[in-house]
Amino acid sequence: MAITITAPAEAACGLYAGVPEKRDYASCVKPENAITPTAVTTKDGITTYSYEGLEQGLYFYGAAQEGYNSLCQTINYTGNTQLHIELDKLAGDGFEAGFVMQYTREFLEKQLVSHKDAWGTEYAKLFCTPQFMPGRSGRHKQTTNEEMLDFVKKLAENNPYMHIFCLGKSPKYGYDMPLVLFTRENVEGKTLEQAAEVIRENGKPTIQYNAQCHSTEPASTEGALAMMASLCGDFGKVLDTVDIYIIPRINLDGAYEVIRKSPTTGEDMNRDYLYTHNVEIQRVISVYNLFRPEVCIDGHEKYHRFNCAGEEVCTDVGVQTGAGALNHPAEMTEMTMKMALSAQGKARSLGLRSNFFSNLASAAGGAAGSSYFGTRNSLSFLIETQGINWGMSCIERRVLSQYAIASALIEYTVEHSAEMMAMVHASRDFMKKSNPIYLEEKLFVLEHGSTVTGTWYSPLVHVPSGEVVEENHAIEHKEHTEALATRPRATAYVIPVGLAQETEILRVTGIHGAEYYVLPAGSIVNLKQYVKTDDGFTITEEQPITFENGALVFPNTVDSAVLNVIMEPDFNPGNPERKMCLLRMGLIEADEAGMLPLYRYCHTLENGKL
């Protein structure tokens with residue numbers, strides 16, 4: 001028995017023991033794991049590598065050639081195996097995956113069926129986006145920014161309910177950042193601000209759908225484009241009940257370079273929704289403030305364990321809700337869970353495997369997109385398909401998975417529009433009225449604990465062979481049900497005038513809807529001060545504080561918990577690297593004694609004032 005590999009003679013090709021363990025090519029193909037071929041021959045530009053006398057088991061090949069994408073694929077070696085490797089020539093004009101990983105052939109054939117007609121004619125119509133157009137160069141090249149914009153403009157030519165706005169230019173390469181609004185309202189000729197005002201006042205639920213904050217997750221953009229095409233067809237009937245706006249690609253510059261983070265700041269933009277250091281995220285939140293959508297959908301893709309040598313739960317798409325922390329109204333959490341379960345049900349009806357993302361039904365923090373919009377009291381959802389490092393492999397399955405979840409969330413909104421509008425706005429109104437009222441028992445949860453609240457079922461698959469080991473493998477999912485650390489909700493926060501980062505503090509708080517006013521120099525207020533210690537943070541006893549130069553007062557009159565999140569220095573301590581609060585953003589700092597220039601007001605406000 002032998003493994004025989006043929007590859008272009010110019011390519012560097014090798015066989016390695018085990019499975020690829022890393023997410024980049026150079027880290028996968030370690031020389032110490034390389035297997036020496038028993039024979040190597042070259043003829044007509046093709047090199048044949050023969051490996052005889054191998055024990056049965058798992059191996060993988062790695063192939064690379066300058067000017068081409070590199071490739072790794074796991075081999076489940078049980079008998080004579082022949083493989084021919086073809087690498088894709090890179091055009092050098094961006095949007096091309098330089099490294100692609102693939103499962104074993106058995107797993108791909110048995111578990112990841114993916115072609116345009118696999119789900120019938122109704123869903124075959126979805127595959128009309130640029131990625132599926134014939135004649136495109138590069139098998140693993142994602143839709144370019146130019147192709148995306150051309151596609152959107154062509155759709156709009158024949159649809160009077162589709163309106164394109166530009167949010168600005170991308171910071172590095174100057175690409176237009178489109179927002180596409182679908183509505184029955186007459187907004188022709190209006191600015192985005194004017195259109196948003198019309199939408200806010202028409203009594204319908206508004207849905208925000210954005211994608212590809214991480215540019216190595218191309219199926220999220222393709223799913224958003226498929227949704228646009230669908231809204232221009234029969235699915236457009238939902239516009240009788242809802243308005244939808246779509247930002248199909250947030251990280252336009254990253255898409256060109258095919259990198260996860262921002263090429264301008266080097267930051268993960270999906271951890272920037274509170275600090276808003278990246279201009280693209282500033283635009284997304286500014287638009288959110290204009291429309292204040294009731295529902296938010298955030299399309300992503302995730303890594304999968306190509307290196308799994310055993311059994312693993314097989315998932316096509318995961319869902320996570322943005323509301324679920326104990327700081328959110330309970331009714332918001334209840335509805336988001338119902339919507340998530342409904343969406344999973346639709347995906348399963350199409351033969352897709354769907355469950356909760358990372359076994360956790362909801363997120364507790366607000367630095368990532370879906371959790372941020374949940375913090376702002378929208379019904380918010382994260383969609384996660386498998387896809388990072390896949391290139392365009394199984395792209396039909398990935399796009400359909402994105403579409404299935406997003407369309408199900410839209411359909412649920414249509415079916416429950418009146419109930420949803422009443423509940424979301426009642427929750428926002430309640431928080432806006434209750435936040436200025438101080439009660440010791442009204443707690444803000446700083447740290448959450450989770451408990452098992454349910455079970456979902458998914459196939460357990462032996463990854464190398466692609467065989468299902470257990471059809472309905474039970475997996476527990478958790479929700480945030482425990483308050484591990486709490487503090488009474490402050491009704492206002494006070495910061496001395498004149499801090500070095502004052503302008504940035506006002507920018508950050510302002511974009512999240514917080515207002516402020518200025519106390520004059522010499523003002524004296526009874527306040528408690530935050531103190532940094534070796535073990536965390538403490539709060540001083542209330543005492544009169546004199547502000548020689550005046551102070552900035554931020555009354556907690558917002559309609560969510562977002563001001564508490566930004567101000568409390570020890571919120572969500574399990575993620576210290578995430579810039580959730582002013583301290584972690586580097587906008588305030590403790591003095592040598594640990595005293596922070598941050599104070600809390602613990603009395604009921606009068607007309608929004610201390």
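From a predicted model like this one, the values you see are computed outputs, not experimental measurements.
- A donor and an acceptor atom, one from each side chain of Gln320 and His300, are nowhere located under 3.5 Å apart.
- Atom NZ of Lys204 sits in a crowded spot, with more than 12 heavy atoms from other residues, nucleotides or ligands closer than 6.0 Å.
- Side-chain contact check for Glu294 and His425: at least one donor-acceptor pair (N or O, by modelled atom type) lies under 3.5 Å.
- At least one test fails for Lys338 against the ring of Tyr412: distance under 6.0 Å to the centre or angle within 45° of the axis.
- The environment of Glu193 atom CD is dense: over 12 non-hydrogen atoms of other residues, nucleotides or ligands sit within 6.0 angstrom.
- Checking Glu440 against Tyr438 by side-chain atom types alone, a donor-acceptor pair falls below 3.5 Å.
- Other residues, nucleotides and ligands place no more than 12 heavy atoms under 6.0 Å from the CD atom of Glu589.
- There is no side-chain donor-acceptor pair under 3.5 Å between Thr375 and Tyr273.
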### Query
Run the side-chain hydrogen bond (donor to acceptor under 3.5 Å, both in side chains) check on Thr540 and Arg600 step by step: do they pass?
CA-CA 10 Å; Thr540 66; Arg600 62 189 344 250; over 6 Å; no
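- For Arg353 and Asp316, the salt-bridge test passes: some basic side-chain N is under 4.0 Å from an acidic carboxylate O.
- Using a 3.5 Å distance cut-off with no hydrogens or angles, the side chains of Thr241 and Ser417 do not pair a donor with an acceptor.
- Tyr209 has its ring centre no less than 6.0 Å from the ring centre of Phe182.
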### Message
Ser427 vs Glu331, test: side-chain hydrogen bond (donor to acceptor under 3.5 Å, both in side chains). Steps then yes/no.
### Response
CA-CA 8 Å; Ser427 296; Glu331 58 271 22; 3.1 Å; yes
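- Side-chain N/O atoms of Arg376 and Asn289 include a donor and acceptor closer than 3.5 Å.
- No side-chain donor from either of Asn564 and Asn327 sits under 3.5 Å from a side-chain acceptor of the other.
- One finds no salt bridge joining Lys302 and Glu217 here, because no Lys/Arg side-chain nitrogen approaches an Asp/Glu carboxylate oxygen to under 4.0 Å.
- In this model, no donor atom of one side chain and acceptor atom of the other lie less than 3.5 Å apart for Asp298 and Ser370.
- A salt bridge links Arg507 with Glu504: at least one charged nitrogen is closer than 4.0 Å to a carboxylate oxygen.
- Other residues, nucleotides and ligands place no more than 12 heavy atoms under 6.0 Å from the NZ atom of Lys433.
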### Task
Check the pair Thr385, Ser401 against side-chain hydrogen bond (donor to acceptor under 3.5 Å, both in side chains), reporting the backbone distance first and the verdict last.
CA-CA 7 Å; Thr385 50; Ser401 296; over 6 Å; no
